[in-house]
Colleague: 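I am attaching a structure below and will ask some questions about it afterwards.
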Amino acid sequence: MGNSKSGSLSKEILEELQLNTKYKEEELCAWYQSFLKECPSGRITKKEFESIYSKFFPDADPKAYAQHVFRSFDANSDGTLDFKEYIIALHMTTAGKTNQKLEWAFSLYDIDGNGAISKNEVLEIIMAIFKMINPEDLKHLPEDENTPEKRAEKIWSFFGKKEDDKLTEKEFIEGTLANKEILRLIQYEPQKVKEKLKDKKP
């Protein structure tokens, strides 16, 4: 009973996660059980994370994007995610407040972790996002954003940046909050696909 490793979540972690996410105790405990089933060591490696991620995108190649997502959530840079990092990742990407999501998005785009984003970093993430868009949906993208290069260019010009400029976290968050277009361009939203399918109904 005394061994909290054996499959129940420690009280401290449980309380911290309830405080920092919208998840309830029952949800967290259930997730912890399935987390341990998938990852008996209690940690997810980059490979395991990629394979979990792939299940969400069966018709695409999310590997590059998953690697960036993994990097942005590996808070202590030890090459694995523990349950806490994993749940916070889940919360941030799906249910976090806009500001939290943007802080996360900044860390996603700040590939080298130097506290600023370059245009090349934007392009690298956008290329990873494009690998997850299926060819049918690519056809429906507007002319000025239907390639990673065009989309990166569009994002960069929205921020009013020159080719070699850098973007700070403050500029990134303020610019994105001020312009809904940027928010749409920097993220991958399967939701848009669902909406399109709804529209196609007779």
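Heavy-atom basis, side chains included; hydrogens, waters and symmetry copies ignored. Residue numbers run from 1 in the order of the sequence given.
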Colleague: Go through the steps to decide whether N76 and E85 satisfy the test side chain to side chain contact (heavy atoms under 4.5 Å, CB included), and finish with yes or no.
Modeller: CA-CA 9 Å; N76 57 3; E85 288 170 323; 3.3 Å; yes

Colleague: Atom NZ in K97, atom CG in L102: separation rounded to 0.5 Å?
Modeller: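 Answer rounded to 0.5 Å: 13.5 Å.
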
Colleague: CD of E103 to CZ of F172: how many Å apart, nearest 0.5 Å?
Modeller: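 Between E103 CD and F172 CZ, I get 11.0 Å after rounding to 0.5 Å.
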
Colleague: Could you tell me if the side chain of Y109 sits less than 4.5 Å from the side chain of L167, heavy atoms only?
Modeller: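 They are not in contact (no side-chain heavy atoms under 4.5 Å apart), so the answer is no.
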
Colleague: In Å, rounded to the nearest 0.5 Å, how long is the span from CG of D165 to NZ of K119?
Modeller: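 Here the interatomic distance stands at 10.5 Å.
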
Colleague: Let me confirm one number: the CD1-CG distance from I117 to D112, rounded to the nearest 0.5 Å.
Modeller: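 That separation rounds to 10.0 Å.
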
Colleague: Do L183 and Y65 belong together in a cluster built from hydrophobic side chains that touch within less than 4.5 Å?
Modeller: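 Same hydrophobic cluster.
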
Colleague: Do F35 and I44 touch side chain to side chain, with heavy atoms closer than 4.5 Å?
Modeller: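 Heavy-atom side-chain distance check passes, below 4.5 Å.
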
Colleague: I'd like to know if the side chain of E50 reaches the main chain of A66, judged simply by a donor and an acceptor atom lying under 3.5 Å from each other, with no hydrogens or angles considered.
Modeller: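 No; judged by distance alone, with no hydrogens or angles, the pair does not exist.
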
Colleague: Could you report the tightest heavy-atom contact between E136 and K139, atom names first, then the distance?
Modeller: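 Reported closest heavy-atom pair: OE1-NZ, 3.1 Å.
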
Colleague: State yes or no: do M127 and L138 share one hydrophobic cluster built from I, L, V, M, F, W and Y residues joined by side-chain heavy-atom distances below 4.5 Å, directly or via other members?
Modeller: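 In one cluster: no.
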
Colleague: Which heavy atom in E48 sits nearest to a heavy atom in R43, and how many Å separate them?
Modeller: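 What the structure gives for the nearest pair is OE1-O, 3.5 Å.
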
Colleague: Got more than 12 heavy atoms from elsewhere within 6.0 Å of CG, D164?
Modeller: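 No, not enclosed.
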
Colleague: Do side-chain atoms of R71 reach the backbone of S77 as a donor and acceptor pair under 3.5 angstrom?
Modeller: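 Between the backbone of S77 and the side chain of R71 there is no qualifying donor-acceptor contact (under 3.5 Å).
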
Colleague: Would you say V122 ends up clustered with I173 if hydrophobic residues are merged whenever their side chains have heavy atoms under 4.5 Å apart, either directly or through other cluster members?
Modeller: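 Yes, it is one cluster - the side chains of I173 and V122 are joined through contacts under 4.5 Å.
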
Colleague: As an exercise, state the distance from CD of E38 to CD1 of I52, rounded to the nearest 0.5 Å.
Modeller: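 So the CD of E38 and the CD1 of I52 are separated by 5.0 Å.
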
Colleague: With hydrophobic residues grouped by side-chain heavy-atom distances under 4.5 Å, do F158 and I186 end up in a single group?
Modeller: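 Both belong to a single hydrophobic cluster.
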
Colleague: Any sub-3.5 Å donor-acceptor pair from D74's side-chain atoms to F70's backbone N or O?
Modeller: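 Flag not set: sc D74 to bb F70 has no pair under 3.5 Å.
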
Colleague: Can you confirm if the aromatic rings of Y86 and W31 lie within a centre distance of less than 6.0 Å?
Modeller: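 No, the ring centres sit 6.0 Å or more apart.
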
Colleague: Show your reasoning for whether side chain to side chain contact (heavy atoms under 4.5 Å, CB included) applies to E145 and E153.
Modeller: CA-CA 9 Å; E145 56 182 75; E153 188 61 55; over 6 Å; no

Colleague: Nearest 0.5 Å, what's the CZ-OG1 distance between F106 and T176?
Modeller: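 Here the interatomic distance stands at 10.5 Å.
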
Colleague: When you compare the side chain of K154 with that of E181, does any pair of heavy atoms fall below 4.5 Å?
Modeller: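 The answer is yes, as the side chains (C-beta and beyond) meet within the 4.5 Å cut-off.
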
Colleague: Can you find a heavy atom in the side chain of F73 that is under 4.5 Å from one in the side chain of I88?
Modeller: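 Side chain of F73 against side chain of I88, heavy atoms only: no contact under 4.5 Å found.
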
Colleague: Taking the side chain as everything from C-beta on, heavy atoms only, tell me whether N20 gets closer than 4.5 Å to H91.
Modeller: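 They are not in contact (no side-chain heavy atoms under 4.5 Å apart), so the answer is no.
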
Colleague: May I ask you to check whether S118 and N120 show a side-chain donor-acceptor distance below 3.5 Å?
Modeller: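 Short answer, no.
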
Colleague: Contact between V69 and F49 at the side-chain level, heavy atoms closer than 4.5 Å - yes or no?
Modeller: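 Sidechains of F49 and V69: in contact.
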
Colleague: Among I87, L17, L14, which residue satisfies the side chain to side chain contact (heavy atoms under 4.5 Å, CB included) criterion with Y23?
Modeller: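 That would be I87.
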
Colleague: Quick one, I182 and F159 - any side-chain contact, counting heavy atoms below 4.5 Å?
Modeller: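 Side chain of I182 against side chain of F159, heavy atoms only: contact under 4.5 Å found.
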
Colleague: Do D110 and E169 have side chains that get closer than 4.5 Å, going by heavy atoms?
Modeller: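 A side-chain contact under 4.5 Å is absent here.
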
Colleague: Indicate the atoms forming the closest heavy-atom contact of E171 with K161, along with that distance.
Modeller: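 Shortest heavy-atom separation between E171 and K161 comes out as OE2-NZ, 3.0 Å.
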
Colleague: Using the salt bridge (charged side-chain N to carboxylate O under 4.0 Å, His left out) rule, take E15 and K11 through it: C-alpha gap first, then chi angles, then the decisive distance, then the call.
Modeller: CA-CA 6 Å; E15 281 169 4; K11 201 166 177 310; 2.8 Å; yes

Colleague: Show your reasoning for whether side chain to side chain contact (heavy atoms under 4.5 Å, CB included) applies to L177 and N99.
Modeller: CA-CA 8 Å; L177 286 173; N99 257 39; 3.5 Å; yes

Colleague: If you compare all heavy atoms of L141 against all heavy atoms of R151, which two are closest, and at what distance to 0.1 Å?
Modeller: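 Scanning both residues, the minimum pair turns out to be CD2-NH2, 3.7 Å.
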
Colleague: Is the backbone N or O of E143 less than 3.5 Å from a side-chain atom of K150, with the two atoms forming a donor-acceptor pair by type?
Modeller: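 Here the side-chain-to-backbone pair exists.
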
Colleague: Identify the heavy atoms of Q187 and I129 that sit nearest to each other, and give their distance.
Modeller: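 Smallest heavy-atom distance, with atoms named: C-CD1, 4.2 Å.
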
Colleague: For the residue pair S72 and W104, what are the closest heavy atoms and their distance?
Modeller: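 Heavy-atom minimum between the residues: OG-NE1, 2.8 Å.
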
Colleague: Under a single-linkage definition using a 4.5 Å side-chain heavy-atom cutoff for Ile, Leu, Val, Met, Phe, Trp and Tyr, are L36 and I13 assigned to the same hydrophobic cluster?
Modeller: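 Result: yes, single cluster for both.
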
